[in-house]
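Written below as structure tokens is the structure these notes are about.
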Amino acid sequence: MTEQQPFILISNDDGYSAPGLLALVRALRSLARLLVCAPESPRSGFACAFSSATPLTLKLRRSEEGLEVWSCNGTPVDCVKMALSQLCAGRRPDMVIGGINHGDNASVNVHYSGTMGVTLEGCMKHIPSVAFSLCDHREEADFEPLVPYVRDMTARVLAGGLPRGVCLNVNFPLAPSFRGVRVCRMAYGSWGREVVKCRHPRGYDYYWMVGEYTDDEPRAEDTDSWALAHGYVAVTPTRIDVTAHEAVGLVKGLLDC
């Protein structure tokens with residue numbers, strides 16, 4: 001590895017030793033110098049949260065030519081912030097990549113995802129950023145079918161960049177092969193039955209956050225949910241600016257201003 005090669009910062013929300021992250025590292029080793037800074041244990045559902053009242057620590061887990069792996073006791077966003085501040089040795093990453101996540105981050109899941117938190121943080125730092133996720137929560141998930149797609153998309157983003165304020169949310173269906181790639185919008189969906197109440201033997205109630213996802217527009221063929229359900233890799237351009245520009249005039253009229 002030389003300083004002339006691309007430099008990629010990788011993180012996730014499943015932890016530094018998660019099989020999906022290790023698969024991502026194997027896929028990209030020959031493309032770039034890699035710096036991994038990921039949570040020391042799973043942090044799913046942390047979205048863009050960061051630690052404001054907890055001291056953070058870093059631990060070097062692996063170091064070899066072209067690769068360093070660090071763990072952090074914080075959130076996925078903490079990992080990106082810490083890496084950029086403490087571990088990059090003055091070199092700005094050419095890309096930030098989140099994943100490969102165990103489980104999809106399509107539709108409204110994007111708002112909860114720590115993997116997307118990584119990618120949004122990179123995007124807010126004006127670094128081309130991509131999240132990769134597989135629709136398989138199992139620890140033994142097979143990531144091999146993703147490898148050529150991950151390598152190709154990464155190489156293309158390294159070469160061409162992304163628009164300012166836009167990152168990519170890439171989701172793979174659970175399948176041994178894929179029908180192709182579709183660039184699509186986020187589906188409108190909703191979660192129901194999210195809380196399961198249980199009774200502890202010691203006499204108090206406790207609760208599990210679970211839920212059932214419903215695609216609220218199953219007939220729409222331009223969404224990430226439709227693409228995944230039909231065997232396609234779903235690529236959703238995602239923006240930092242969440243302003244509802246089309247509603248600005250309506251709200252001005254509503255507020256008479």
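Note that this is a predicted model, so its numbers are computed, not measured.
Ring-centre distance between His102 and Phe143: below the 6.0 Å cut-off. For an aromatic pair to be called close, the ring centres must be under 6.0 Å apart, and Phe178 with Phe172 satisfies this.
Minimum heavy-atom separation, Thr236 to Arg185: CG2-C, 4.1 Å. Of all non-hydrogen atoms in Pro39 and Cys79, the two that sit nearest each other are N-SG, 3.4 Å. Across all their heavy atoms, Tyr16 and Arg61 have their closest contact at OH-NH1, 3.1 Å. Of all the heavy atoms in Arg193 and Val210, the pair that sits closest is O-CG2, 3.9 Å. Smallest separation of non-hydrogen atoms from Asn12 and Ala18: ND2-CB, 3.9 Å. The two residues Ala227 and Ala234 come nearest to each other via the heavy atoms CB-CB, 4.0 Å.
Salt-bridge formation is not detected for the pair Glu65/Arg29: no Lys NZ or Arg NE/NH1/NH2 atom is positioned less than 4.0 Å from an Asp or Glu carboxylate oxygen. A salt bridge links Asp136 and Arg138; the closest N-O separation between the charged side-chain nitrogens and carboxylate oxygens is under 4.0 Å. Checked for salt-bridge contact, Arg62 and Glu64 meet the test: a charged N lies under 4.0 Å from a carboxylate O. Between Glu40 and Lys59, no side-chain nitrogen of the basic residue sits less than 4.0 Å from a carboxylate oxygen of the acidic one, so the salt-bridge criterion is not met.
Linking ILVMFWY side-chain heavy atoms closer than 4.5 Å, directly or via other members, places Met153 and Val183 in a single hydrophobic cluster. Hydrophobic clustering keeps Val181 apart from Trp226 (ILVMFWY residues linked when any side-chain heavy atoms are closer than 4.5 Å, directly or through intermediates). Note: the hydrophobic cluster containing Leu58 does not contain Ile10 (ILVMFWY, side chain heavy atoms under 4.5 Å, direct or indirect links). Phe46 and Ile100 end up in different hydrophobic clusters when Ile, Leu, Val, Met, Phe, Trp and Tyr side chains are linked at under 4.5 Å. In the hydrophobic clustering of this structure, Leu34 groups with Val157; members are Ile, Leu, Val, Met, Phe, Trp, Tyr whose side-chain heavy atoms approach within less than 4.5 Å, directly or through other members.
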Checklist entry - For Val170 and Ser133, what are the C-alpha separation, side-chain angles and deciding distance, and is it a side-chain contact (heavy atoms from CB on, under 4.5 Å)? => result CA-CA 6 Å; Val170 182; Ser133 304; over 6 Å; no

Next on the checklist: Quick one, Arg239 with Arg164, criterion side-chain contact (heavy atoms from CB on, under 4.5 Å). Give me CA distance, side-chain angles, the key distance, then yes/no.
Outcome noted: CA-CA 9 Å; Arg239 67 175 63 190; Arg164 185 182 179 93; over 6 Å; no

Checklist entry - Can you list the steps and then say if Ser107 with Tyr188 is a side-chain hydrogen bond (donor to acceptor under 3.5 Å, both in side chains)? => result CA-CA 6 Å; Ser107 185; Tyr188 284 99; over 6 Å; no

Checklist entry - Asn169 and Thr238: side-chain hydrogen bond (donor to acceptor under 3.5 Å, both in side chains), yes or no, with the steps? => result CA-CA 7 Å; Asn169 181 17; Thr238 303; 4.8 Å; no

Item to check | Verdict with supporting geometry, Leu84 and Ile127, side-chain contact (heavy atoms from CB on, under 4.5 Å) | outcome: CA-CA 11 Å; Leu84 293 175; Ile127 302 171; 4.1 Å; yes

Item to check | Worked check of side-chain contact (heavy atoms from CB on, under 4.5 Å) between Leu9 and Ile97 | outcome: CA-CA 6 Å; Leu9 171 60; Ile97 298 180; over 6 Å; no

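Judged purely by atom type and a 3.5 angstrom limit, Arg43 uses its side chain to pair as donor or acceptor with the backbone of Asn73. Remark: side-chain polar atoms of Ser11 are paired, donor with acceptor, to backbone N or O of Cys37 under 3.5 angstrom. The closest donor-acceptor contact from the side chain of Glu68 to the backbone of Ser63 lies at 3.5 Å or more, if one exists at all. Using modelled atom types, one side-chain atom of Arg182 and one backbone atom of Glu221 make a donor-acceptor pair closer than 3.5 Å. Not a single donor-acceptor pair under 3.5 Å links the side chain of Asp13 to the backbone N or O of Thr75. A donor-acceptor pair is defined here as one N or O able to donate and one able to accept, closer than 3.5 Å; such a pair exists between the side chain of Asp78 and the backbone of Ser51. Looking at Ser177, its side chain never comes within 3.5 Å of a backbone N or O of Ala175 through a donor-acceptor pair. Without hydrogens or angle criteria, Ser113 side chain to Thr115 main chain gives a donor-acceptor distance under 3.5 Å. Of the possible polar contacts, none joining the Arg151 side chain to the Leu28 backbone as a donor-acceptor pair under 3.5 Å is found. No donor-acceptor distance shorter than 3.5 angstrom exists from the side chain of Arg92 to the backbone of Gly90, with no hydrogens or angles considered.
The side-chain heavy atoms of Glu139 and Pro19, taken from C-beta on, include a pair separated by under 4.5 Å. Counting only heavy atoms from C-beta outward, the side chains of Leu134 and Asp104 never approach each other to under 4.5 Å. For the pair Leu67/Val25, a side-chain contact is recorded, criterion being any heavy-atom separation below 4.5 Å from C-beta on. A 4.5 Å side-chain heavy-atom check between Leu35 and Cys88 finds at least one atom pair inside the cut-off. Side-chain atoms of Leu87 and Trp70, non-hydrogen and from C-beta on, do get closer than 4.5 Å to each other. Taking the side chain as every heavy atom from C-beta outward, Leu120 and Ser129 never approach each other to under 4.5 Å.
To the nearest 0.5 angstrom, Met186 atom CE is 12.5 Å from Asn105 atom CG. Note that CD of Gln5 is 11.0 Å distant from CG of Leu158, once rounded to the nearest 0.5 Å. Atom CG of Leu228 is separated from atom CG of Asp215 by 10.5 Å, given to the nearest 0.5 angstrom. Interatomic distance, Glu121 CD to Cys167 SG, rounded to the nearest 0.5 Å: 11.0 Å. Atom CZ of Phe132 and atom OG1 of Thr154 lie 4.0 Å apart (nearest 0.5 Å). The distance from the CG atom of Asp224 to the SG atom of Cys184 is 5.0 Å, given to the nearest 0.5 Å.
In this pair, Tyr206 and Tyr204 present their aromatic rings perpendicular. The plane angle is above 60°, beyond the 30 to 60° band.
Under a cut-off of 6.0 angstrom, the local environment of CZ in Phe50 is sparse, with at most 12 non-hydrogen atoms contributed by other residues, nucleotides or ligands.
No option in Val36, Val69, Asn101, Asp14 other than Val36 meets the side-chain contact (heavy atoms from CB on, under 4.5 Å) test with Leu21.
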